[in-house]
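Report on the following structure.
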Amino acid sequence: MGEAKTIAVIGGGASGLAAAVAAGEALRDLEGAGGAAGEVVEGDAGAARVVVYEASDRVGRSILATGNGRCNFSNARPGEGDYRNAAFVRRVLFEFECRASRYVPSQAKTSTAYPNGVLGFFSDHGLMWREEGEGRLYPLANKAASVLDCLRAACAAAGVEERVECEVVAVEPPRAEGASFTLRLADGRFERAGVVIVAVGGTVARELLPKGLSFREPEPTLGPLATDPRWPRRLDNIRVRGALELWRPGEKMTPQELNRNGFPMGTHEGERLVAREVGEAMFRKYGVSGIAAFNLSRLAEPGDVLAVDFVPWVRPCDMEAFLNRRRKLLRASLGRDVMWNDMLRGMVLAPVADVLLEAAALDGARPVAKGETAVIAPVLKGLRLPVTGLGDVRQCQVHRGGVSVRAVDDRTCEVRRVPGLYVVGEALDVDAACGGFNLHWAWASGLLAGWSAAERLRA
Ligand SMILES: Cc1cc2nc3c(=O)[nH]c(=O)nc-3n(C[C@H](O)[C@H](O)[C@H](O)COP(=O)(O)OP(=O)(O)OC[C@H]3O[C@@H](n4cnc5c(N)ncnc54)[C@H](O)[C@@H]3O)c2cc1C
């Protein structure tokens, strides 16, 4: 039956399109000179085909929204991405690279091999890119559409069929050996396929999947942090290039750890530094947004303290000396006593200075008395904002949860209990920090599953 030779990809986003291209190309190659997977006559029982079922009115919408429309599609050093379920991800990426050296032409040639198979795949499909800070890779055309155009052209060349406005509500496994999967569609119809790749993204619903699959309800993450709004409310929309630290009360740091991080002894009693992110932060009425806050949101718990460091280039233990030198310099240039407002002017914006002075209970119009720099130093190095949770969840970039990685074979992304069913991308319980790591995972897991699915069909 033709349906047994259908690979159904559910979801036409990043991982789904990558899986569809990989499966279509692999089928074409495995069929030898037989032409593209979709070039066969409809109804031909021998015809292998790849069909993408996409709920929205076009494939790739999710890709167009990434990186503020520019699509930070990968990272030059994807291993550093601090993935959730890192051991599983490492094994999948290892297997992916092994397969890439077989399926991705430029990875097979030592003369053109790229640092990883994702870049080799995109290069083979015509995409050019450039690197920005921290290894972030963006298409040369600086538009996400450029990435999607390459993927859609690859889909067309591999004979992949697209079914848009076609939401799949349930995937039912074959009832007997050799039988097909049943896909129940939202409009009541159903279709069948021999192999199914679930690539529906982070909002994957438990009801879509066969019963009994280990699953964690997805929740948004990688978004702005909500904090006590007292200070953020007064700084709404102000951007700061500094550092954010996440502190967890109720835990401790050893003197060696304090020393290594440059914190003077006696500070941060009864709390532990969970993580520090250097980068841009933007104050919002409800808390703090920006990439640094997004990354910390993956680790934050209500009750933690977010500390905003406005002078990240000065170590905490050197801060007092730095301020004393500044006071001396300003006194010489102003020719009078240095006021607190003078001390902060030129270092931070005026509304920030007002907040910092109020937090330190200092009067900006008063002269800086000897020894008083010790009062402002800890506030400048860490304005403390108690974390209450996530800020605006609509801004969250990924979901945590989905299908448990334990349910999936790390050599193929195939569900162990249900042969022929694959789960990829964010539908798996994998997420990472900002920087192109999430899309890198979507492409790599999608490609690996696509190649594996084609091999299974051919076998
Ligand atoms: C605003 C924003 C910006 C981002 N920027 C970046 C970035 O620059 N770099 C980066 O690495 N990551 C970024 N991410 C994260 C990245 O987009 C995701 O991790 C990635 O797209 C996940 O790929 P996926 O294929 O698993 O899911 P998606 O790309 O979300 O694709 C899922 C697809 O499945 C479809 N679908 C869902 N349910 C069904 C169903 N039942 N039947 C049929 N179709 C269905 C959806 O319509 C969608 O097209 C960003 C995320 C957001 C929200």
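All values below come from the heavy atoms of this structure, side chains included, with hydrogens, waters and symmetry mates left out. As the structure lists them, so they are numbered: ligands from 1, and atoms in each ligand from 1. Residue indices begin at 1 and follow the sequence shown.
Only backbone heavy atoms of Cys166 (N, CA, C or O) come within less than 4.0 Å of ligand 1; its side chain stays farther off. Neither the backbone nor the side chain of Arg70 comes within contact range of ligand 1; no heavy atom lies under 4.0 Å. At a heavy-atom distance under 4.0 Å, only side-chain atoms of Ala442, from C-beta outward, approach ligand 1. Proximity of Ala65 to ligand 1, defined as any heavy-atom pair under 4.0 Å, is confined to the backbone N, CA, C and O atoms.
For Ala432, the closest heavy-atom approach to ligand 1 does not fall below 4.0 Å.
Not one N or O of Ile10 is nearer than 3.5 Å to an N or O of ligand 1, by distance alone. At under 3.5 Å, not a single nitrogen or oxygen of Glu167, backbone or side chain, sits near a nitrogen or oxygen of ligand 1. Considering backbone and side-chain atoms alike, Gly425 places every N or O at 3.5 Å or more from each N or O of ligand 1. Considering both main-chain and side-chain atoms, His440 never comes within under 3.5 Å of ligand 1 through any nitrogen or oxygen pair. For ligand 1, the polar-atom distance check finds an N/O of Ser62 within less than 3.5 Å of one of the ligand's N/O atoms. In terms of polar-atom proximity, Ala14 is counted as a contact of ligand 1, with an N or O under 3.5 Å from an N or O of the ligand.
Less than 6.0 angstrom separates the ring centroid of Trp247 from the ring centroid of Phe263.
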